[in-house]
Amino acid sequence: MSLTHPADLLALPSPPSPTHIVLFIPGNPGLPSYYTPFLTTLSAQIPTAAIFALGHLGHSPAHAPIAFTSRDSASLTEQVEHKVEFVEELVRRYGCGKPGKPKLVLIGHSIGSWICLQVHKARSASISSLSLLFPTVSHMATTPNGLRLSPLFTPTILPPLALTTLFLSFVPSPIINPLIAFLSRQSGPGALVTSGLVTSPGTVLAALSMAKEEMDEIIDLDRNLVQGAAKKSWWYWAEGKGDGWVSESSVQEIGDCLDEVGADKERRFLCEEGMKHAFVLNDEHTKSLAKKCAGWILKDCPMP
């Protein structure tokens with residue numbers, strides 16, 4: 001299997017004969033390195049799993065050229081196609097979907113959850129389980145964050161933002177890294193990932209362009225998309241108004257949509273631990289949610 005993609009690919013050490021194949025699809029920005037502690041904890045819970053995290057096209061300092069317009073940024077459709085192609089590679093390599101072969105599991109965070117549902121729609125026979133974490137699958141533009149941040153996504157603002165990141169790229173690492181850590185309130189590897197992001201004009205532009213398309217395109221709930229994966233999907237939301245990207249009314253709408261096809265209510269959870277949308281910024285939340293995902297995976301796909 002080729003592991004060369006125009007996006008970051010994180011592959012954890014894999015057992016010789018895995019029982020599960022897990023593909024994690026990140027939120028936006030789509031940098032798998034943010035999720036390394038989450039995936040490491042998941043691997044410890046299911047040591048017989050082969051775990052991959054595939055980032056988004058252009059969301060990587062290593063793959064994003066210097067750019068100041070969104071003209072060449074990958075579309076949402078291309079992001080989905082990119083993930084479908086990788087799933088096809090996994091199926092060819094491991095035989096997922098066939099009797100006696102490893103079970104293929106998708107985990108998505110934020111917009112990654114919507115992409116997971118799209119991938120399932122395209123290749124449902126090969127996929128055994130989906131875990132959707134803080135899923136943004138409808139009405140993104142009318143959420144508190146959507147309303148507050150929408151000015152950042154106008155054509156007149158995007159080029160100056162990209163230019164600002166170009167200037168930051170010339171600041172020496174010993175200066176920029178602690179500054180970014182302080183401003184973002186991050187520490188350790190996560191802060192370094194953020195430093196790489198904000199000093200890469202192409203990556204910032206790709207992320208903002210994708211966010212604009214998310215808010216333009218992901219409006220009404222696609223009921224067929226949700227119901228098509230109802231029996232296989234686990235849903236995890238912040239409690240109350242704790243998620244600026246997902247409204248309480250959207251959570252209710254999804255619940256009603258799932259109820260229409262008799263989906264198990266025990267596969268839906270409102271967080272009781274105070275987790276935020278960007279759960280990976282908190283080590284305890286990261287480990288806790290990874291353990292929850294492991295439990296859901298093993299319920300759907302028990303050890304052989």
Side-chain angles (χ1 to χ4, degrees), residues 24-30 34-35 38 76 106-118 120-121 129-153 185 207-208 210-282 284-293 295-296 299:
F24 182 89
I25 301 177
N28 183 3
Y34 275 128
Y35 301 90
F38 172 87
L76 269 179
L106 303 183
I107 304 176
H109 173 224
S110 190
I111 188 61
S113 298
W114 181 84
I115 294 176
C116 281
L117 290 170
Q118 296 288 348
H120 177 266
K121 179 181 178 180
S129 180
L130 301 90
S131 295
L132 309 176
L133 312 178
F134 306 95
T136 53
V137 298
S138 65
H139 308 295
M140 289 187 64
T142 57
T143 62
N145 283 353
L147 293 170
R148 180 170 58 89
L149 297 176
S150 59
L152 292 178
F153 310 128
R185 298 181 182 179
L208 292 175
M210 180 173 169
K212 182 182 186 306
E213 190 173 1
E214 291 170 30
M215 290 192 283
D216 289 344
E217 299 292 333
I218 302 177
I219 304 173
D220 294 334
L221 181 66
D222 187 335
R223 305 179 77 82
N224 291 331
L225 186 69
V226 170
Q227 292 176 347
K231 306 292 183 171
K232 302 178 186 178
S233 55
W234 299 82
W235 298 77
Y236 195 84
W237 295 283
E239 190 173 23
K241 294 181 171 62
D243 190 336
W245 285 111
V246 183
S247 68
E248 291 179 278
S249 60
S250 291
V251 174
Q252 182 63 51
E253 183 183 24
I254 293 168
D256 293 343
C257 179
L258 292 168
D259 288 341
E260 289 177 3
V261 292
D264 190 348
K265 285 184 169 64
E266 294 185 359
R267 299 176 71 93
R268 303 170 229 164
F269 301 90
L270 291 177
C271 177
E272 298 179 348
E273 301 174 33
M275 294 185 194
K276 302 299 183 183
H277 190 86
F279 70 92
V280 290
L281 301 184
N282 182 297
E284 290 185 9
H285 292 167
T286 295
K287 293 176 182 178
S288 176
L289 194 48
K291 291 175 182 178
K292 287 179 173 60
C293 286
W296 303 336
K299 283 185 179 180

> How far apart are the closest heavy atoms of Ser110 and Gly27, and which atoms are they?
Replying inline: CB-CA, 4.0 Å
>> My understanding is that only residues two or more places apart in sequence, or in another chain, count here; which of them pass side-chain hydrogen bond (donor to acceptor under 3.5 Å, both in side chains) with Asn282?
In response: none
> So how far is it from Leu132 CG to Ser233 OG, rounded to the nearest 0.5 Å?
Replying inline: 5.5 Å
>> Can you list everything that forms a side-chain hydrogen bond (donor to acceptor under 3.5 Å, both in side chains) with Glu248? Sequence neighbours excluded, please.
In response: Lys241
> Would Glu273 and Lys292 pass as an ion pair if we require N to O under 4.0 Å?
Replying inline: yes
>> A side-chain contact here means heavy atoms from C-beta on lying under 4.5 Å apart; do Trp245 and Ile111 qualify?
In response: no
>> Within this structure, what is the NZ-CG distance for the pair Lys231 and Leu258, rounded to the nearest 0.5 Å?
In response: 10.0 Å
> Can you find a pair of side-chain heavy atoms, one from Thr136 and one from Val246, that are under 4.5 Å apart?
Replying inline: yes
>> Is any side-chain heavy atom of Lys265 closer than 4.5 Å to one of Asp259?
In response: yes
> Is atom NZ of Lys232 surrounded by more than 12 heavy atoms (other residues, nucleotides or ligands) closer than 6.0 Å?
Replying inline: yes
>> Could you check whether any side-chain N or O of Arg268 sits under 3.5 Å from a backbone N or O of Val251, counting only pairs where one atom can act as donor and the other as acceptor?
In response: no
>> I want to check something: taking the side chain as every heavy atom from C-beta on, are Val137 and Leu117 in contact at a cut-off of under 4.5 Å?
In response: yes
>> When you compare the side chain of Trp235 with that of Arg267, does any pair of heavy atoms fall below 4.5 Å?
In response: no
> Is the closest side-chain heavy-atom distance between Met140 and Ile219 below 4.5 Å?
Replying inline: no
> Is there side-chain contact between Val226 and Asp222, with heavy atoms separated by less than 4.5 Å?
Replying inline: no
>> If I take atom CG from residue Leu130 and atom CD1 from residue Ile107, how far apart are they, to the nearest 0.5 angstrom?
In response: 9.5 Å
> How close do Asp220 and Ser138 get, heavy atom to heavy atom, and via which atoms?
Replying inline: C-CB, 4.3 Å
> Which pair of non-hydrogen atoms, one from Trp296 and one from Leu289, has the smallest distance, and what is that distance?
Replying inline: CH2-CD1, 4.5 Å
>> Quick check for you: to the nearest 0.5 Å, what is the distance between Phe38 atom CZ and Thr286 atom OG1?
In response: 8.0 Å
> Closest approach of Asn28 and Ala207, non-hydrogen atoms and distance?
Replying inline: ND2-O, 3.0 Å
> Is the backbone of His277 close enough, under 3.5 Å, to the side chain of Asp243 for a donor and an acceptor to pair up by distance?
Replying inline: no
> Taking side chain as C-beta onward, heavy atoms only, is Ser247 less than 4.5 Å from His139?
Replying inline: no
>> Looking at every non-hydrogen atom in both residues, tell me the closest pair between Leu221 and Cys257 and how far apart they are.
In response: CD2-CB, 4.0 Å
> Considering all heavy atoms of both residues, which atom of Glu213 and which atom of Leu76 are nearest to each other, and what is their separation?
Replying inline: OE1-N, 3.0 Å
> Under the side-chain hydrogen bond (donor to acceptor under 3.5 Å, both in side chains) test, which residues partner Ser113, sequence neighbours left out?
Replying inline: none
>> Using 30° and 60° as the class boundaries, would you call the ring planes of Phe279 and Phe134 parallel, tilted or perpendicular?
In response: parallel
> Say you draw a straight line from CG of Leu270 to OH of Tyr236; how long is it, rounded to the nearest 0.5 Å?
Replying inline: 9.0 Å
> Do side-chain atoms of His120 reach the backbone of Ser129 as a donor and acceptor pair under 3.5 angstrom?
Replying inline: no
